[in-house]
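Before any comments, here is the structure.
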Amino acid sequence: MTPLNQRRWANFRANRRGYYSLWIFTLLFVVTLFAEFLANDKPLLVYFDGDLLVPVVAQFPETRFGGEFPTEADYRDEYVVELIEAKGWMVWPPIPFAYDTIVRGRRAPAPPAAVNWLGTDDHSRDVLARLIYGFRISVLFGLVLTVFSMIIGVSAGAVQGYFGGWLDLTLQRLMEVWSSMPTLYLLIILSSVVQPNFWWLLGILLLFSWMGYVGVVRAEFLRARNFDFVRAARALGVSNRVIMFRHVLPNAMVATITFLPFSLSGAVTALTALDFLGFGLPPGSASLGEMVTQGRNNLHAPWLGLTSFFTLGIMLILLIFTGEAVRDAFDPRKTFAARPE
């Protein structure tokens, strides 16, 4: 690690609030990546007739356990449970419900209890299970959208700022026209034609989200393209591509990196808002926006609204605190300040 990056890392760690927020957010995200092992209506392990099976990873028909149907076994069915326990045993995850499992024997929505730690929604689905799966899909959506938006936006801004002139002017006018299009109306129109899904929403939002990076990168390239080292590289015959992405881009990425945590929080908020309005993920998907809708429609069940509110609030607070720490890490007043002897 270079001395410059060492000082940046030291500045990042000095912001204790942002430093620990990053660790907490990363831990929560990594945990939710293994949601199938935390919340599932299939056992983690099944020992049957001398064989050790993993239903979470592979599907096994009911006939495998001596049943009658060749379809996948329903491990919550009393008949299947009796068949397995007659010749073995099962190990269940901490939450024996998936995000779409219908909880039997309780009214809907049901308040928190020992069997459902955060209660159930109005479709009798476990709230905690949906929370875990919804957290994962929201963060994954935000990360993918942020990465692709950054790649497109940085590339477009680099081209505009480096070459300038008529190319920069033309692209700026096209971006102004494109950014003036009503994104929500476009989503409403397309939602009446096709059924939205994860990748469909990602593509639609990607059409507009990349423009936020262009201005930052373009300004840096406009400033740096007339520096002496850039002119010297041109005089030596170095290609424009090498100059742009090897010599100028690392300096321009400083401002882009400080923007990433805030962009991620914006992407998560966008997906939540679309799900809340009914233009997001398909009905029944594990979604934080759908949980907010559940809370609005069931004011007599306060655990639904409080759960979704605190989950979104904590997620966004962690991302904002992390963004503040990243901004401090790349602050030139701190990075290049004279270090005490």
Side-chain angles (χ1 to χ4, degrees), residues 28 30-138 140 195 197-198 275 280-291 293-295 297-298 300-304 307-308 311:
L28 292 175
V30 171
V31 169
T32 58
L33 288 177
F34 302 93
E36 286 78 9
F37 296 91
L38 296 174
N40 210 321
D41 54 5
K42 301 177 183 179
L44 299 176
L45 295 173
V46 173
Y47 181 80
F48 182 79
D49 200 16
D51 296 328
L52 191 62
L53 310 176
V54 187
V56 174
V57 178
Q59 296 183 0
F60 300 97
E62 185 179 304
T63 54
R64 176 66 178 80
F65 307 105
E68 301 176 357
F69 300 103
T71 56
E72 185 180 6
D74 181 3
Y75 299 95
R76 301 171 66 242
D77 183 37
E78 295 181 359
Y79 174 67
V80 177
V81 172
E82 292 177 358
L83 290 175
I84 295 176
E85 291 182 348
K87 295 183 179 181
W89 42 262
M90 294 185 293
V91 176
W92 286 87
I95 306 171
F97 307 103
Y99 70 91
D100 56 351
T101 304
I102 303 300
V103 180
R104 303 167 184 170
R106 301 196 72 194
R107 64 181 178 87
V115 63
N116 305 111
W117 299 346
L118 294 179
T120 63
D121 61 12
D122 58 8
H123 289 79
S124 197
R125 299 169 299 193
D126 187 80
V127 173
L128 182 55
R130 294 185 63 79
L131 179 66
I132 295 173
Y133 283 87
F135 188 98
R136 180 177 67 178
I137 196 171
S138 296
L140 285 176
Q195 176 65 49
N197 56 43
F198 182 93
D275 288 334
L281 298 174
S285 302
S287 163
L288 296 180
E290 196 266 349
M291 293 181 64
T293 304
Q294 290 271 348
N297 296 337
N298 299 275
H300 61 284
W303 58 89
L304 296 176
T307 299
S308 56
T311 301

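Quantities reported herein were computed from a predicted structural model and do not represent experimental measurements.
- Between Val56 and Lys42, the shortest heavy-atom distance links the atoms CG2-O, 4.0 Å.
- Among all heavy-atom pairs drawn from Gln294 and Asp121, the shortest one is OE1-CB, 3.4 Å.
- Residue-environment remark: OH (Tyr79) exceeds the threshold of 12 foreign heavy atoms within 6.0 Å.
- Of all non-hydrogen atoms in Ala108 and Thr120, the two that sit nearest each other are CA-OG1, 4.5 Å.
- Between the Ser285 side chain and the Pro282 main chain, a donor and an acceptor come within less than 3.5 Å of each other.
- Nearest heavy-atom pair across Pro93 and Pro43 is CD-CA, 4.2 Å.
- By the 4.0 Å N-to-carboxylate-O rule, Glu36 lies close enough to Arg136 to be salt-bridged with it.
- In this structure, Arg107 and Pro111 approach most closely via the heavy-atom pair NH2-CD, 3.5 Å.
- Considering CG of Leu118 and CG of Asp126, their distance stands at 7.5 Å, rounded to 0.5 Å.
- Ring geometry for Tyr47 against Trp89 counts as parallel: the plane angle stays under 30°, on a 0 to 90° scale with 60° as the upper cut.
- In terms of heavy-atom proximity, Asn40 sits nearest to Tyr133 at ND2-OH, 4.4 Å.
- Remark: Leu38 CG to Ile132 CD1 distance equals 5.5 Å, nearest 0.5 Å.
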